[in-house]
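To start, the structure itself, in structure tokens.
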Amino acid sequence: MKRAHLTQPLLLAALATAMLLGGCVVRGTGGIPVPAIYVGAVNVPPPAPQVEVIGIPPQPGYVWIGGYWNWVGGRHEWVGGHWAAGRAGYRWVPHEWMRAGGGWRLREGHWARR
């Protein structure tokens, strides 16, 4: 009887942990989880970029990938910047909201050849 009493809380804890960690993310460069980029056009212009404290890179050769406004659930949501390992011969081109017809479209940040 004691064994079943101890197993139930452990099972519930494992189930709760699995549910919390079961979210969907897209892996960015360097294995850093980033949200999926919204690819459609929206009618609401993005707010001004948030001020971010950049600090020093964790290792030589790291590049700061600045934050940006993504479109999630019908509203703009800030995605904070992060450090990523640089790529030899490439430069980081930041995310950018561009006018598209009567709305706005997010151009995804990417690595471009120098």
Side-chain angles (χ1 to χ4, degrees):
M1 194 70 153
K2 282 187 178 183
R3 177 181 251 173
H5 181 70
L6 291 176
T7 304
Q8 186 177 11
L10 291 175
L11 180 61
L12 290 174
L15 181 60
T17 301
M19 289 174 62
L20 288 172
L21 297 177
C24 179
V25 296
V26 177
R27 291 277 173 193
T29 58
I32 297 169
V34 295
I37 301 295
Y38 183 79
V39 294
V42 299
N43 293 325
V44 182
Q50 291 189 4
V51 176
E52 296 184 292
V53 177
I54 297 173
I56 59 171
Q59 296 179 25
Y62 269 56
V63 175
W64 177 253
I65 308 296
Y68 63 96
W69 290 104
N70 196 8
W71 186 257
V72 179
R75 65 183 180 88
H76 289 285
E77 185 175 288
W78 182 254
V79 177
H82 62 274
W83 288 103
R87 294 184 177 184
Y90 288 82
R91 64 181 175 81
W92 176 253
V93 178
H95 296 78
E96 179 182 17
W97 281 94
M98 305 175 78
R99 292 293 263 158
W104 295 85
R105 185 176 299 274
L106 179 59
R107 183 181 57 92
E108 186 174 355
H110 60 278
W111 292 99
R113 289 193 181 274
R114 292 181 190 243

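As the structure is a prediction and not an experimental result, all values here were calculated from the model.
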Under 3.5 Å, is there a donor-acceptor pair between the side chain of R114 and the main chain of G89? no
Does any pair with a residue in residues 50-76 pass salt bridge (Lys or Arg N to Asp or Glu O under 4.0 Å), and if so which ones, sequence neighbours excluded? R75-E77
Which atom names give the shortest non-hydrogen contact between G86 and V63, and what distance separates them? CA-CG2, 3.7 Å
Ring pair (Phe, Tyr, Trp, His ring centres under 6.0 Å) between H76 and W104, worked out: CA-CA 12 Å; H76 289 285; W104 295 85; 8.7 Å; no
Calculate, to the nearest 0.5 Å, the distance between atoms CZ and CZ belonging to R87 and R113 respectively. 10.5 Å
If hydrophobic clusters are built by linking Ile, Leu, Val, Met, Phe, Trp and Tyr wherever their side-chain heavy atoms come under 4.5 Å apart, do V42 and M98 end up in the same one? no
Nearest-0.5 Å distance that lies between atom CH2 in W97 and atom CG in N70: 7.0 Å
Rounded at 0.5 Å granularity, tell me how far CD in E96 sits from CD in E108. 13.0 Å
Hey, do the aromatic rings of W78 and W69 have their centres closer than 6.0 Å? yes
R107 side chain reached by V93 side chain, heavy atoms, under 4.5 Å: yes
Minimal non-hydrogen separation, N43 against G102, with atom names: OD1-O, 3.9 Å
Parallel, tilted or perpendicular, judged at 30° and 60°: which one describes the rings of W111 and W92? perpendicular
